[in-house]
Amino acid sequence: MREKIRKIWPELNWIKNEELREKTLDCWVYAIENSVLTIEDLETIPFSLLIKDCKVSFMNHKRTAVQLSADIAKRMIENFGNEIQIDMDLLIAGAILIDVGKLVEYDKVNGELTTSKTGKLLRHPFSGVAIADRFGLPPEVLHMIAYHAKEGDLAKRTVESIIIHHADFVSFEPFKA
Ligand SMILES: [Fe+2]
């Protein structure tokens, strides 16, 4: 299982700190083991059930958001220098984990994908924090998961969290009807 997840998430290798990288991977292993989805499903299911005829897969959307987060952060570090502090390791771990809770948001009814009871009661920022806390991810990463979506609009996001939030939305909003 760990090797299969490393394959769909080559960006895990961008995390330099080994402990952080392995904990990030632990979350994905746990989530897929507790999901109705298989790893193969992640490469084929549409990234949103809310978009009609969506042809962009879950993993394509997720990897794009992680890659964009890293690109934005690198450019900001390059251009703003000491005026900004961005922790690349935490940023990448957070970007890989923002939607890990989505894996328990799905249910399969008569072969059709739908939203699970857990998903209806707790959106993935909440279930994602619960999963990441179980594996000892630091509060900076829990923050990024908790506040990446609309629930975080009232919060004061960290710089890493602001980057991830926007990278996630630019790879989502253009597809919305
Ligand atoms: Fe999300």
Side-chain angles (χ1 to χ4, degrees), residues 5 8-12 14-15 23-39 41-52 54-73 90-108 113-135 137-177:
I5 290 171
I8 60 163
W9 270 126
E11 292 78 8
L12 275 167
W14 297 357
I15 304 172
K23 284 180 179 178
T24 305
L25 179 57
D26 288 339
C27 295
W28 271 86
V29 171
Y30 174 87
I32 198 87
E33 282 173 356
N34 285 278
S35 178
V36 294
L37 301 173
T38 63
I39 291 185
D41 286 336
L42 298 177
E43 296 282 14
T44 50
I45 61 162
F47 77 87
S48 174
L49 294 179
L50 305 173
I51 298 168
K52 204 175 168 292
C54 177
K55 294 199 173 54
V56 179
S57 74
F58 182 92
M59 282 315 298
N60 186 356
H61 165 66
K62 285 333 303 168
R63 284 190 296 253
T64 302
V66 173
Q67 292 162 14
L68 283 172
S69 298
D71 285 350
I72 294 169
L90 292 175
L91 172 102
I92 293 159
I96 291 176
L97 288 174
I98 53 171
D99 278 355
V100 74
K102 268 202 179 165
L103 273 66
V104 294
E105 266 190 347
Y106 290 97
D107 207 352
K108 255 184 201 166
L113 276 185
T114 138
T115 307
S116 68
K117 186 183 170 195
T118 309
K120 281 182 191 144
L121 292 173
L122 285 176
R123 257 174 46 83
H124 65 275
F126 303 97
S127 45
V129 166
I131 294 170
D133 188 49
R134 178 185 281 264
F135 294 99
L137 272 296
E140 292 89 341
V141 172
L142 302 184
H143 166 91
M144 293 175 220
I145 300 168
Y147 297 141
H148 79 275
K150 61 188 175 190
E151 288 87 351
D153 288 350
L154 291 177
K156 170 94 180 94
R157 291 186 174 106
T158 59
V159 59
E160 292 87 356
S161 189
I162 293 169
I163 293 170
I164 289 173
H165 166 71
H166 287 284
D168 191 34
F169 273 73
V170 291
S171 44
F172 161 67
E173 289 223 292
F175 300 105
K176 255 174 41 179

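Remember, it's 1-based here, ligands and their atoms both numbered in the order they're listed.
The neighbour count for Leu121 CG, taken as heavy atoms of other residues, nucleotides or ligands under 6.0 Å away, is above 12.
Here the protein contributes Asp99 OD1, His124 NE2, His148 NE2 as N, O or S atoms under 2.8 Å from the Fe ion (ligand 1).
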Note to self: Walk me through whether Asp107 and Lys120 qualify under salt bridge (Lys or Arg N to Asp or Glu O under 4.0 Å).
What the structure shows: CA-CA 11 Å; Asp107 207 352; Lys120 281 182 191 144; over 6 Å; no

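In this structure, the side chains of Trp28 and Leu103 come closer than 4.5 Å at one or more pairs of heavy atoms.
Remark: Arg134 does not engage Asp26 in a salt bridge, criterion side-chain N to carboxylate O under 4.0 Å. By the 4.0 Å N-to-carboxylate-O rule, Lys117 lies too far from Glu105 to be salt-bridged with it.
Ring to ring, His148 and His166 are not that close: their centroids are 6.0 angstrom or more apart.
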